[in-house]
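Reading through the structure tokens given below for one structure.
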Amino acid sequence: VEAAVPYQVEAQNILTGLLAGQPDHELASEFERELAATHENMGELLFQSNENPKTLEGNRQKAAQAYRQAVAIRQKLVRLNPAVTEFQAELARAYYGLANVLATLQQSNDAVLTYRQATTHQFVVYATGPSVHAYVHTLGRYHAALGRFLQQSGKSAEALASFRQARQFLEKPAPTQPGVWLELALVRAACIALDPAQQLQESEMAMQALHAAVAAGFDDPDLLKKATELEPLRGREDFQKLAADLQAKSKKLVWLDDSRKPKRWPSRRAKTCSSFLAAPIGRRSTSRFANGYSPNLLLSNSYRSISFS
């Protein structure tokens, strides 16, 4: 984090200078979008920085401030260009990032209001293309995040209402990406404890979504162990079998010393991973609409395979 921060500051200074020197430039709105993106990058860097417990709280406060600066810029862009879908999506994403930080800071009221701002602006995006998977499923993800926070805050009825809204947008159109299937499984599983009258049905539907996630390419057995939403399912035989099968199928990295590397592999000083590596695609362009999932939740919805052969 410390190494990356100066680059973000430099980018902010350059963009601020461009906007100050040429406020009427034909690309001024693009400069502003990129400036907002640098604030979001800074917010994410600070939010994910948890190496030093002594600076943790301070970094999160700084992250919230960075996201607020991004929100202010994106609010202006939306106000001047209300019909531009990308601007609405980017504002929704900035609100979502800010809400995640506020939730961690236990600023409950502000966090709930900010999550609702994210869902409001993402709904505008959804309304422009109700059949676009990225628009619909991102809206579902924002409702799910709000539901989780409300559940953690002890507001069960409100949490259930948010999870039901999340399901509405995650289920139709049917997911195709493993991350979206997994999000749907987590939402359905969360409803088990919140809606006792529907426990059996919710359990079956959560398992259906989990199987669909694995069929679509989900391959992280550790996540199944850690996700608290899945606790009501862990006593089921079919869940235990799914988790065991996934563990057995998961690829194990085999590290070879330089002396054992096949000659056709690129020479590297570091040890090299053989056979197969599954990894999330790199970060989206920060100045464009994101249809992926946030790193704090499991949720990368596109994967690539890299093989050395």
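Note that the numbering runs from 1 along the sequence shown for the chain.
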- Query: Given the rule that I, L, V, M, F, W and Y join up when any side-chain heavy atoms are under 4.5 Å apart, are Phe87 and Leu91 in one cluster?
  - Reply: yes
> Is it true that His143 and Phe169 have ring centroids separated by less than 6.0 Å?
Replying inline: yes
Between the OG1 atom in Thr228 and the CD atom in Gln151, the distance rounded to the nearest 0.5 Å is 7.5 Å
Worksheet entry | Cluster check Leu160, Leu170: I/L/V/M/F/W/Y, side chain < 4.5 angstrom | yes
Check whether any side-chain heavy atom of Arg68 sits under 4.5 Å from a side-chain heavy atom of Leu102, and report yes or no. yes
Any side-chain heavy-atom pair from Leu98 and Phe47 closer than 4.5 angstrom? no
message: Run Val124 and Val78 through side chain to side chain contact (heavy atoms under 4.5 Å, CB included) and show every step you take.
response: CA-CA 11 Å; Val124 175; Val78 166; over 6 Å; no
Only residue of Gln88, Gln69, His39, Glu90 satisfying side-chain hydrogen bond (donor to acceptor under 3.5 Å, both in side chains) with Arg74 is Glu90
One should read off an interatomic distance between Arg60 CZ and Ser49 OG, to the nearest 0.5 angstrom, of 9.5 Å
Check your understanding: Is the side chain of Gln106 donor-acceptor paired with the backbone N or O of Ala103 at a distance under 3.5 Å, no angle test?
Key -> yes
Sub-4.5 Å side-chain heavy-atom contact between Glu204 and Gln201 = no
message: Is there a path of hydrophobic side-chain contacts, each under 4.5 Å between heavy atoms, that joins Tyr126 and Val132?
response: no
ask   = Where the side chain of His137 meets the backbone of Pro173, is there a donor-acceptor pair that is under 3.5 Å apart?
value = yes
Can you confirm whether Leu182 sits close enough to Gln177 that some side-chain heavy atom of one is under 4.5 Å from a side-chain heavy atom of the other?
no
Only residue of Arg116, His121, Gln75 satisfying side-chain hydrogen bond (donor to acceptor under 3.5 Å, both in side chains) with Tyr95 is Gln75
Asp220 side-chain N/O to Leu223 backbone N/O, donor-acceptor pair under 3.5 Å: yes
So, Glu183 and Arg167, do they make that salt bridge, N to O below 4.0 Å?
no
Are the side chains of Asp219 and Ser250 in contact, using a 4.5 Å heavy-atom criterion?
no
**Item:** Cluster check Leu19, Ile73: I/L/V/M/F/W/Y, side chain < 4.5 angstrom
**Value:** yes
| message | Whether the Asn100 and Tyr115 side chains hold a donor-acceptor pair (N or O, under 3.5 Å, no angle test) is what I'd like checked. | response | yes
Of all heavy-atom pairs linking Thr176 and Ala216, the shortest is O-CB, 4.0 Å
Tightest non-hydrogen contact, residues Gly21 and Pro23, listed as C-CD, 3.5 Å
Taken to the nearest 0.5 Å, the spacing of Leu194 CG from Ser162 OG works out to 10.5 Å
| field | Heavy-atom check, side chain of Leu242 versus side chain of His211, under 4.5 Å | value | yes
Nearest heavy-atom approach of Asn59 to Leu46 is O-CB, 3.5 Å
*Would a distance-only check, ignoring hydrogens and angles, find a side-chain to backbone donor-acceptor pair under 3.5 Å from Trp181 to Pro175?*
yes
The reported gap from CD in Glu202 to CG in Leu233 (rounded to nearest 0.5 angstrom) is 10.5 Å
Does Leu105 form a side chain to side chain contact (heavy atoms under 4.5 Å, CB included) with Asp110? I'd like the steps, not just the answer. CA-CA 10 Å; Leu105 290 169; Asp110 287 344; over 6 Å; no
Note: Arg33-Glu40 ion pair, threshold 4.0 Å (strictly below)
no
d(Asn13 CG, Gln8 CD) to nearest 0.5 Å is 11.5 Å
For Thr138 and Tyr135, indicate whether the former's side chain and the latter's backbone hold a donor-acceptor pair under 3.5 Å.
-> no
(Q) Applying a strict under-4.5 Å side-chain criterion to I, L, V, M, F, W and Y, I'd like to know whether Tyr96 and Leu113 cluster together. (A) no
Looking only at heavy atoms, the pair that brings Ala89 and Val125 closest together is N-CG2, 3.4 Å
Between Gly217 and Pro178 the two heavy atoms that sit nearest each other are C-CB, 4.0 Å
Is the shortest heavy-atom distance from the side chain of Leu184 to the side chain of Glu171 under 4.5 Å? yes
CD (Gln165) and OH (Tyr142) are apart, to the nearest 0.5 Å, by 15.5 Å
Handout entry: Verdict with reasoning, Lys241 to Asp245, per salt bridge (charged side-chain N to carboxylate O under 4.0 Å, His left out)
Key = CA-CA 6 Å; Lys241 183 178 186 304; Asp245 290 346; 2.9 Å; yes
task: Apply the test side chain to side chain contact (heavy atoms under 4.5 Å, CB included) to residues Gln198 and Met205: give CA-CA distance (whole Å), side-chain angles for both, the deciding distance (0.1 Å), then the verdict.
output: CA-CA 11 Å; Gln198 301 294 323; Met205 294 182 71; over 6 Å; no
Item to check | Side-chain touch Asp195/Arg164, heavy atoms, less than 4.5 angstrom | outcome: yes
Review point. Does the pair Glu229/Arg188 count as a salt bridge with the N-to-O cut at 4.0 Å?
Key: no
Please assess Tyr67 against Met42 for the test side chain to side chain contact (heavy atoms under 4.5 Å, CB included), listing each intermediate value before the final yes or no. CA-CA 8 Å; Tyr67 274 114; Met42 184 73 81; over 6 Å; no
_Would the distance check show the side chain of Asn81 and the main-chain N or O of Leu77 forming a donor-acceptor pair, the cut-off being under 3.5 Å?_
yes
Checklist line | Charged N-O contact under 4.0 Å between Lys226 and Asp222 | finding: no
Let me see the working for Glu231 and Arg234 under salt bridge (charged side-chain N to carboxylate O under 4.0 Å, His left out), right down to the final yes or no. CA-CA 5 Å; Glu231 189 61 37; Arg234 293 202 168 98; 2.7 Å; yes
Nearest heavy-atom contact between Ala166 and Ala144 is CB-N, 3.6 Å
